[in-house]
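This report concerns only the one structure given below.
Here the structure is a predicted model, which means the values were calculated and not measured. Here is the naming used below: chain letters follow the sequence lines, and residue numbers restart at 1 for every chain.
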Amino acid sequence: MMTIIQWILLGAALFSVGLYGVLTRRNAVLVLASVEIMLAAVNINLVAFDTYLSDPAYTGQIFALFVIALAAAEVGVGIAIILMIFRNRHSVDVDELDLMRY
Amino acid sequence: MTIGDWLTESANWAFLFLAIPTFVASVMVVSSRNVVRAVLYLVIALGGSAALFLMLGAEFVGWTVVLVYIGAVIILFLIGIMITRAPLTKSVDLSHPISAKAPAALLSVLLFGVVAWAVVESFGLETIPLPEEATRTGEIGLSIFTSWVIPFEVVSFVLLAALIGGIVLARKDEPAEVP
């Protein structure tokens, strides 16, 4: 039998990898890619718990669909913001975006 | 249940066959020094997660991941890389130096340890039923349009707002016409 923890541990591992990417990447596009990994980890958890609970309304799968839709919206706006930053600063290095620091 | 019992189940071998490439590909996404390869590894990671959804019987979610993520979001990422003139060869500027990586790695491992401990404490070896057949897409649609119709409409407005916001942000500002 498949255990529930193998799915949750996979989700936790992917989420931790995504967190590492968000913290260490300097290129803003790759920071967004790391956020996508974290969202995929959340989706795995949602669908695994949906199967675990045998929910007749499929709540977990529908929430996973909502997460996918919102992730697509987030990437669209995120790339547009990165494009604006690149136009104004000629760089997408998140270390150089320190105007709002202190 | 011992690890030997766990490995006698063929579904667990399928799980490992899909989960290990997914994990390795996502590690490559956050560590690759080539920006285009990092995004292409994201294709493998998301494709692996789509296959895992199919394994759980979540057919519609799996194919939606393939269509939306691999079909659209990856293209957006590649266009973002092209427009921002990222270096297409190996580059050390994509990540922070090792002195900043070490605390991030420690934090990630700690997070995984805490979650793993909490999960093993609370769920133990409870089993997940293998779905006998895939979830029918019609039933998901019925559930969306009965139980979840208001969140569904809200999500559609969020997508519309993101579309308009993306256009407004990325459009070049025309100089104001002087009458």
Non-hydrogen atoms of chain B under 4.5 Å away: do they reach the side chain of [X], the backbone, both or neither?
X: Ile85(A); result: neither
X: Leu19(A); result: both
X: Leu10(A); result: side chain
X: Ser91(A); result: neither

Which of [options] touches chain B most, by non-hydrogen pairs under 4.5 Å:
options: Leu65(A), Leu9(A), Leu83(A), Leu23(A); value: Leu65(A)
options: Val47(A), Asp50(A), Val77(A); value: Val47(A)
options: Ser34(A), Ala40(A), Ala48(A); value: Ala48(A)

Engaged part of [X] at the chain A interface, taking heavy atoms whose separation is under 4.5 Å:
X: Thr22(B); answer: both
X: Pro151(B); answer: both
X: Val61(B); answer: both
X: Ser32(B); answer: both
X: Val119(B); answer: both
X: Phe112(B); answer: both

Report summary line: In this structure, CD of Glu36(A) is separated from OH of Tyr69(B) (nearest 0.5 Å) by 4.5 Å
Query raised in the report: Hey, which residues of residues 41-49 of chain B are touching chain A, say heavy atoms under 4.5 Å apart?
Result: Leu42(B), Leu46(B), Ser49(B)
**Report entry** Listed once per pair and sorted, the side chain to side chain donor-acceptor pair (under 3.5 Å) pairs that draw on residues 4-27 of chain A, sequence neighbours left out
**Finding:** Thr3(A)-Gln6(A), Gln6(A)-Trp6(B), Gln6(A)-Asn12(B), Arg25(A)-Ser95(B), Arg26(A)-Asp93(A), Arg26(A)-Asp95(A)
Query raised in the report: Is there a donor-acceptor contact under 3.5 Å from the side chain of Ser108(B) to the main chain of Val17(A)?
Result: no
Query raised in the report: Would you call Val29(A) and Val35(B) a side-chain contact if the rule is heavy atoms closer than 4.5 Å?
Result: no
**Report entry** Residue pairs, two or more places apart or on separate chains, that pass ring-ring contact (aromatic ring centres under 6.0 Å, His included) and touch residues 36-69 of chain A
**Finding:** Phe49(A)-Phe123(B), Tyr52(A)-Phe123(B), Phe63(A)-Trp148(B)
Contacts under 3.5 angstrom, residues 75-84 of chain B side chains, donor-acceptor by atom type, not counting sequence neighbours:
residue	atom	partner	partner atom	Å
Thr84(B)	OG1	Gly80(B)	O	2.8
Thr84(B)	OG1	Ile81(B)	O	3.4

